[in-house]
Amino acid sequence: MKLYNTLTRKKEEFVPLEENKVKMYVCGPTVYDYIHIGNARPYVIFDTIRRYLEYKGYEVNYVQNFTDVDDKIIKRAIEENVSAKEISDRYVAEALKDAYGLNVEPATKNPRVTEEMPHIIEMIKILVEKGFAYEVNGTVYFNTKSFDGYGKLSGKNIDDLEVGARIEVNKEKKNPMDFVLWKPFKPGEPKWDSPWGEGRPGWHIECSVMAKIYLGDTIDIHAGGEDLIFPHHENEIAQSEAANGKQFSKYWLHNGFINVDNEKMSKSKGNFFTLREIAKEIPYEVIRFFILNGHYRSPINFSRELMEAAGNGLDRIKNCVKDIKFITLNGKDSKLSENEQKLISECVKFKNRFEESMDDDFNTADAVSAIFEFVKFANVNIGTESTREFADIILSKIIELCDILGIEPLKEEAVADTGEIEKLIEKRQLAKKEKNWAEADRIRDELSEMGILIEDTRAGVRWSRK
RNA sequence: GGCGCUGUAGCCAAGAGGCUAAGGCAUGGGACUGCAACUCCCCGAUCCCCGGUUCAAAUCCGGGCAGCGCCUCCA
């Protein structure tokens with residue numbers, strides 16, 4: 001299995017620190033609002049990578065933080081006249097709902113900054129003691145010049161950075177690129193006691209601390225959006241490696257952005273969408289499928305048309321799986337035919353192609369195409385003359401691959417009264433038998449109004465929620 | 001200014017030196033069907049341009065052109 005490591009800018013063979021175990025840390029959102037459509041990408045991508053690692057037999061310790069101390073949260077709290085905790089609690093809950101909607105497996109642990117304060121203070125203390133950080137008037141800075149490897153992840157040269165720096169001159173800092181580990185509190189802001197006075201931590205230190213506490217000094221995979229490469233991840237490396245004296249993460253994975261109209265999504269451009277508002281129109285599963293249709297490192301464009309295309313493609317898989325499901329219930333009861341046995345043995349090629357794609361830096365776009373080829377194979381080879389056993393075996397093989405991508409083609413949204421639907425379908429079947437097309441169509445319309453789609457497939461009558 | 005990414009059919013998107021350049025969506029034609037939907041069959045690319053390396057280039061190298069990202073809070 002190969003993966004592209006941002007640190008070395010090469011595809012490398014994946015070798016975990018500990019056999020069969022993977023320690024994975026993913027940078028999570030700042031909880032000041034609903035997560036946006038761009039946040040959906042790392043959620044889906046790194047969840048899929050995790051699922052694949054698990055499929056390959058690794059035990060994955062998956063940690064994703066919530067940043068619940070931040071200027072934006074404080075601003076929001078002031079606007080609403082509530083506590084910062086109320087804001088962050090609310091949006092942590094909402095982010096978890098969105099993650100659930102996207103069928104993201106719960107993390108092993110979702111640490112929060114406010115709950116790790118003693119550890120954060122401890123790490124800053126170590127950095128000061130070791131001479132990597134210094135305090136000026138209650139602010140603790142990391143001295144970037146004291147850490148030799150600064151710039152190794154982003155490929156930046158510290159002197160170039162200083163020349164081109166668009167940061168304000170700050171006379172407290174020893175070097176322009178030094179960043180804050182601890183800042184003194186301002187009235188009205190959340191604060192914690194520390195050796196440098198009351199205040200709160202800077203943004204970067206939290207991830208170094210949480211990774212250390214929940215995973216250890218050295219982890220296998222650190223992941224996040226590509227915009228985090230600099231400065232966030234660069235700073236994490238500096239903090240962790242300076243404090244622990246060990247390599248921080250073996251592999252660094254970064255997902256590309258979701259753009260809107262080929263431009264970066266931003267509030268100022270007015271092309272900003274929360275996942276929640278998109279999910280009102282487009283099912284979460286379609287959003288997930290859409291994200292998987294491209295390579296995780298390429299930028300992808302978000303538009304209604306592309307969502308619709310993704311939805312149609314997903315329907316193709318769902319239709320196929322539902323048809324097979326129907327045969328597992330209504331197919332022949334006899335034993336597998338010789339031809340069926342032969343066909344079953346052919347299926348391994350789809351699984352192989354799927355794995356080859358995923359082994360090559362998690363090429364989900366190619367993996368999806370392996371599923372489509374499997375679907376075509378099933379559509380051509382499964383029908384009313386197939387045995388139940390055959391349908392059962394093929395179904396489980398397709399579902400297995402879908403599961404790895406977090407796609408659940410058999411999942412139906414809860415429908416109020418399935419009994420009533422079944423009754424109406426029976427009535428329609430009767431009408432059709434009597435060639436009473438008007439009545440049959442009337443019942444179909446009635447079901448349609450209930451949000452139920454009826455299809456007379458070659459396998460039989462099938463209904464699904466629209 | 002520094003660092004980096006991308007350019008493959010109407011659209012999305014794999015492929016990273018050599019089998020007819022995957023797959024999906026859309027359009028059109030046909031089969032099936034009472035109709036609709038589903039499904040099946042058929043139809044589409046000298047891979048941004050110009051040079052070079054090679055027996056062989058979408059793939060490697062050089063030069064253009066076009067678009068995008070990071071360097072500042074951001075997934």
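Bear in mind the structure is a predicted one, so any value in this text is a computation, not a measurement. Convention: sequence-line order gives letters A, B, ...; per-chain numbering from 1.
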field: Donor-acceptor pair present, A/Asp227 side chain and B/rG69 base, under 3.5 Å
entry: no

message: Over all strands shown, is A/Arg297 touching base, sugar-phosphate only, or nothing at heavy-atom distances under 4.0 angstrom?
response: nothing

task: Measure from the side-chain heavy atoms of A/Asn255 and tell me the nearest of B/rA75, B/rC70, B/rA13.
output: B/rA75

message: Considering every strand and a 4.0 Å limit on heavy-atom distances, what is the contact class for A/His36: base, sugar-phosphate, or nothing?
response: base

statement: Closest to the side chain of A/Ser298, out of B/rG2, B/rC25, B/rA14, is B/rA14

- prompt: Across the strands shown, which category fits A/Ile258 at heavy-atom distances under 4.0 angstrom: base, sugar-phosphate, nothing?
  reply: base

- request: Please report, rounded to the nearest Å, how far the C1' atom of B/rG4 is from the CG atom of A/Leu228.
  value: 16 Å

query: Using atom P of each nucleotide, how far apart are B/rC48 and B/rG15 to the nearest Å?
result: 15 Å

message: Please give the distance between the P atoms of B/rC47 and B/rC19 as a whole number of Å.
response: 15 Å

task: Determine the contact category for A/Glu226: base if any of its heavy atoms lies under 4.0 Å from a base atom, sugar-phosphate if only primed atoms, P, OP1 or OP2 are that close, otherwise nothing.
output: sugar-phosphate

query: Between A/Tyr141 and A/Lys173, is there a cation-pi geometry (under 6.0 Å to ring centre, at most 45° from the normal)?
result: no

- prompt: From B/rC38, B/rA75, B/rA22, pick the nucleotide closest to the side chain of A/Asn39?
  reply: B/rA75

message: Whether A/Asn379 contacts B/rC40 is assessed here as follows: a side-chain N or O lying under 4.0 Å from the phosphate OP1 or OP2. Is that the case?
response: yes

message: Which is more 5' along RNA chain B, the nucleotide nearest A/Asn312 or the one nearest A/Tyr4? Just name the residue.
response: A/Tyr4

- prompt: What is the nucleic acid contact for A/Asp366, judged by heavy atoms within less than 4.0 Å: base, sugar-phosphate only, or nothing?
  reply: base

message: Using a 4.0 Å heavy-atom cut-off, does A/Asp70 contact any base of the nucleic acid, only the sugar-phosphate backbone, or nothing at all?
response: nothing

- request: Measure from the side chain of A/Phe230, starting at C-beta and using heavy atoms only, and say which of B/rC70, B/rA13, B/rG34 lies closest.
  value: B/rC70

- prompt: In whole Å, what is the span from the CG atom of A/Asn65 to the P atom of B/rA75?
  reply: 10 Å

- prompt: Can you tell me the Watson-Crick or wobble partner of B/rC68, both distances under 3.5 angstrom?
  reply: B/rG4

field: Closest listed nucleotide, where the reference is the side chain of A/Arg316 and the choices are B/rU39, B/rC12, B/rG34
entry: B/rU39

Aromatic-base stack, A/Trp437 on B/rG34, cutoff 5.5 Å, angle under 30: yes

query: So what does A/Lys264 touch, heavy atoms closer than 4.0 Å: a base, only the sugar-phosphate, or nothing?
result: base

message: Taking the cut-offs as 6.0 angstrom to the six-membered ring centre and 45 degrees off its axis, would you call A/Lys156 and A/Phe230 a cation-pi pair?
response: yes

task: State the pairing partner of B/rA75; accept Watson-Crick or G-U wobble contacts with both distances under 3.5 Å, and report none otherwise.
output: none

Euclidean distance for C1', B/rC60 against B/rU54 (whole angstrom): 10 Å

- request: With RNA chain B as reference, determine whether A/Ala438 or A/Val380 sits nearer its 5' end, using the nearest nucleotide of each.
  value: A/Ala438

- prompt: NA contact type, A/Glu455, heavy-atom cut-off 4.0 Å: base, sugar-phosphate, or nothing?
  reply: base

Distance-only polar pair, side chains of A/Thr364 and A/Asp366, donor-acceptor under 3.5 Å: no

- request: In whole angstrom, give me the gap between the C1' atoms of B/rA66 and B/rU53.
  value: 26 Å

- line: Among the nucleotides B/rA13, B/rG23, B/rC73, whichever has the atom closest to the side chain of A/Glu373 is B/rG23

A/Asp456 (side chain) and B/rC35 (base): donor-acceptor pair under 3.5 Å: yes

field: d(CG, A/Asp71; C1', B/rU72) in whole Å
entry: 13 Å

query: Can A/Arg50 be said to sit on top of A/Tyr62's aromatic six-ring, NZ or CZ under 6.0 Å from centre and within 45° of the ring axis?
result: yes

query: When we call it a touch if two heavy atoms are under 4.0 Å apart, what does A/Gly313 touch: a base, just sugar-phosphate, or nothing?
result: sugar-phosphate

- prompt: Expressed as a whole number of Å, how far does the C1' atom of B/rC5 sit from that of B/rU20?
  reply: 32 Å

- prompt: Rounded to whole angstroms, how far apart are CZ on A/Phe326 and C1' on B/rC38?
  reply: 13 Å

- prompt: Is it true that A/Asp178 and A/Lys145 have a side-chain N and a carboxylate O under 4.0 angstrom from each other?
  reply: no

message: For a quick check of understanding: with a heavy-atom distance under 4.0 Å over all strands, which category does A/Phe372 fall into, base, sugar-phosphate or nothing?
response: sugar-phosphate

- line: Side-chain atoms of A/Ser369 come closest, of B/rC35, B/rG23, B/rA14, to B/rG23

- prompt: Distance only, no hydrogens: is a donor on one side chain within 3.5 Å (strictly under) of an acceptor on the other, for A/Asn143 and A/Asn175?
  reply: yes

- request: Under the salt bridge (Lys or Arg N to Asp or Glu O under 4.0 Å) rule, what do A/Asp68 and A/Arg112 come out as? Steps first, then yes or no, please.
  value: CA-CA 6 Å; A/Asp68 62 352; A/Arg112 295 168 61 163; 3.2 Å; yes

statement: Rounded to whole Å, the NE2-C1' distance (A/His295 to B/rC5) equals 12 Å

Atom pair distance, as rounded to whole Å: OH in A/Tyr296 and C1' in B/rA75: 14 Å

message: Work out how far the C1' atom of B/rA21 is from that of B/rG44, and round it to whole angstrom.
response: 13 Å

task: Name the orientation class of the two ring planes belonging to A/His254 and A/His233 (parallel below 30°, tilted from 30 to 60°, perpendicular beyond 60°).
output: tilted

Gap between atoms NE2 and C1', on A/His232 and B/rA75 respectively (whole Å): 11 Å

message: Once hydrogens and angles are ignored, does a donor-acceptor distance under 3.5 Å link the base of B/rA36 to the side chain of A/Arg444?
response: yes

field: Pairwise C1' distance, B/rG18 and B/rA56 [rounded to whole Å]
entry: 6 Å

- prompt: Under 4.0 Å between a side-chain N or O of A/Arg462 and OP1 or OP2 of B/rA36?
  reply: no

Short side-chain N/O contact from A/Asn259 to OP1 or OP2 of B/rC68, under 4.0 Å: no

- prompt: Has A/Lys435 got a side-chain N or O lying under 4.0 Å from the OP1 or OP2 atom of B/rU33?
  reply: no

A/Phe179 and A/His204 aromatic centres sub-6.0 Å: yes

- prompt: Given B/rA75, B/rC70, B/rA13, which nucleotide is nearest the side-chain atoms of A/Pro42?
  reply: B/rA75

query: Quick one: is the NZ or CZ of A/Arg200 closer than 6.0 Å to the six-membered ring centre of A/Phe185, and within 45° of its axis?
result: no

- prompt: Between B/rU6 and B/rC41, how far is it from one C1' atom to the other, in whole Å?
  reply: 37 Å

- request: Give the rounded distance in Å between these two atoms: NZ of A/Lys376 and P of B/rG23.
  value: 8 Å

query: With sugar-phosphate meaning primed atoms plus P, OP1 and OP2, does A/Ile35 contact a base, only sugar-phosphate, or nothing at under 4.0 Å between heavy atoms?
result: nothing

